[in-house]
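Below is one structure, written out as structure tokens, with a few remarks after it.
Counting convention: from 1, in listed order, for ligands and their atoms alike.
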Amino acid sequence: MTLRVQKYGGTSVSTTNNIKKIAEKIAEDYSKGDDFVIVVSAMGETTDELINLAKQISDNPDLREMDKILSTGENISSSLLAMCFHNLGIEALSLTGAQAGISTDSFFSKAAISDIDPARIILEIEQRKIVVVAGFQGINDEKELTTLGRGGSDTTAVAIAASMGADICEIYTDVEGVYEADPRLIPNVSRIDRISYEEMLELSSEGAQVIHSRAVELAMVNKTPIFVGSTFSENKLGTLIQGSIDMENHSKVRGITHDRNVARITVSGVPDVPGIAAKIFAPLADSGISVDIIVQNTGFEGQSDMSFTVSEDSLDNALVHTEAIATELGARNVTGDASLAKVSIVGAGLQNSPGYAGTMFKALDLAGVNIEMITTAEISITCVIKQESVEAALNALNEAFLVNNTS
Ligand code: ADP
Ligand code: ASP
Ligand code: MG
């Protein structure tokens with residue numbers, strides 16, 4: 001008997017008809033003897049709609065209450081899917097994240113899974129029930145509901161697959177796998193058949209929304225392969241994420257990503273003395289705000305400027321903390337810019353091959369895209385640009401690295 005852990009995303013469960021179709025598809029394999037744990041996202045745009053509801057009440061809603069509201073989206077879709085199985089004469093039940101044994105830390109809206117106890121799931125599976133788990137949520141030590149960050153249902157699925165020793169975690173979505181760039185923005189881009197955890201982690205961390213970066217991280221640590229495929233497509237094509245970097249693809253651009261959720265904070269006139277960076281960034285880290293790219297200008301007359309990026313949705317909160325510490329440090333001024341995005345090329349060995357950076361900058365220049373900040377990592381090169389330049393930048397990078405295959 002094979003245990004299969006599958007996850008179906010928001011578009012896949014966007015209507016009751018779709019949910020019925022998914023149940024029928026699973027029922028066929030269930031009748032052949034496989035066991036199933038199914039993780040679901042909220043229906044369609046439900047999470048966005050719930051956020052909008054809260055914003056009608058408050059510009060800065062309480063994060064605990066937000067997580068309680070947001071978790072309802074996945075509770076609805078998981079119950080509906082369980083009911084579909086009942087209609088098909090199959091024993092099934094839905095579980096919330098807490099009921100499924102998912103414990104998290106206390107960072108509301110971006111909680112990390114700290115532990116998972118699959119005892120309840122195992123108990124139900126042993127009775128041949130299909131277990132449907134509400135994705136994207138867990139519970140902290142104080143028994144408060146938490147959510148795992150946008151796209152977090154992927155992480156729920158991988159965590160369950162890893163904790164139950166499943167051979168693979170299947171992620172079903174609205175595209176036929178992971179592509180070299182977002183197939184909705186760059187038509188005719190190729191699908192990637194196989195990709196290492198490291199390269200996939202870089203692609204998702206730099207914005208490839210198709211899979212949550214923490215899901216890839218968890219899969220890598222636990223050596224759980226992930227298959228990404230399409231929910232409703234007839235063929236079984238998709239992308240297998242596993243193993244380490246394939247030597248044949250070493251020094252190649254594997255993918256191009258973009259992320260529009262980028263904002264920059266600049267602190268001007270910071271005293272140029274040791275310990276300032278720690279003073280600025282510690283309060284941000286303590287409040288769970290991730291800082292991505294940091295640039296400090298060379299000091300002049302005892303002062304320097306510090307710029308860093310955060311996600312656009314954490315800009316307001318980050319500004320509050322930064323302004324407080326800037327006043328304490330006697331910095332001249334703090335500004336925020338929410339109109340930014342980043343584009344990246346990702347592939348093993350890029351950093352050691354200077355040609356890639358040059359080609360990237362030239363391609364952006366020819367497309368009239370101004371580069372605001374640059375950062376390189378071992379397997380990626382990232383440029384911060386204006387949000388309105390994303391399409392032009394992606395097309396230019398596609399031409400330079402994928403279509404003409406110069407890499
Ligand atoms: P789900 O609701 O199933 O979790 P998401 O919307 O989170 O689906 O992710 C799927 C979307 O990710 C696709 O519709 C596609 O537009 C986007 N995407 C971005 N980059 C990539 C990529 N490199 N490969 C495939 N899809 C991508
Ligand atoms: N429903 C959540 C979101 O829209 C989680 C997910 O879909 O994975 O971000
Ligand atoms: Mg998703």
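- Here the shortest heavy-atom pairing between L240 and Q242 reads CD2-OE1, 3.3 Å.
- Taking 4.0 Å as the cut-off, G9 does not count as a neighbour of ligand 2 on heavy-atom distance.
- When atom types are taken as modelled, the side chain of T257 and the backbone of E206 share a donor-acceptor pair closer than 3.5 angstrom.
- Listed by first and then second residue, the side chain to side chain donor-acceptor pair (under 3.5 Å) pairs that reach into residues 323-336 are Q303-R332, sequence neighbours excluded.
- Every N/O-N/O distance between K7 and ligand 2 stays at or above 3.5 Å.
- Remark: minimum distance from atom 7 (O) of ligand 2 to any protein heavy atom is reached at S41 OG, 3.0 Å.
- Shortest non-hydrogen contact noted between A23 and C84 is CB-CB, 3.5 Å.
- Residue pairs meeting the ring pair (Phe, Tyr, Trp, His ring centres under 6.0 Å) criterion with at least one member in residues 80-114: none, sequence neighbours excluded.
- Annotation: ring pair (Phe, Tyr, Trp, His ring centres under 6.0 Å) contacts involving residues 136-194, sequence neighbours excluded, comprise Y8-Y172.
- If you number the atoms of ligand 2 from 1 as listed, the ones under 4.0 Å from a heavy atom of G151 come out as 3 (C), 5 (C), 6 (C), 8 (O), 9 (O).
- For the pair R4 and Y30, the NZ or CZ position fails the cation-pi test of under 6.0 Å to the six-membered ring centre and within 45 degrees of the ring normal.
- Residues with a heavy atom under 4.0 Å from ligand 1: K7, G9, G10, T11, T173, D174, V175, G177, V178, Y179, A181, D182, P183, R184, A208, Q209, V210.
- The shortest N or O to N or O distance between G10 and ligand 2 is not under 3.5 Å.
- Contacts of E74 with ligand 2, taken as heavy-atom pairs under 4.0 Å, involve the side chain alone.
- Nearest protein heavy-atom neighbour of atom 4 (O) of ligand 2: R150 NH2, 2.9 Å.
- Nearest approach of V346 to E202, heavy atoms of both residues: CG1-CB, 3.6 Å.
- Counting all heavy atoms, side chain and backbone alike, A27 lies closest to L88 at CB-CD1, 3.9 Å.
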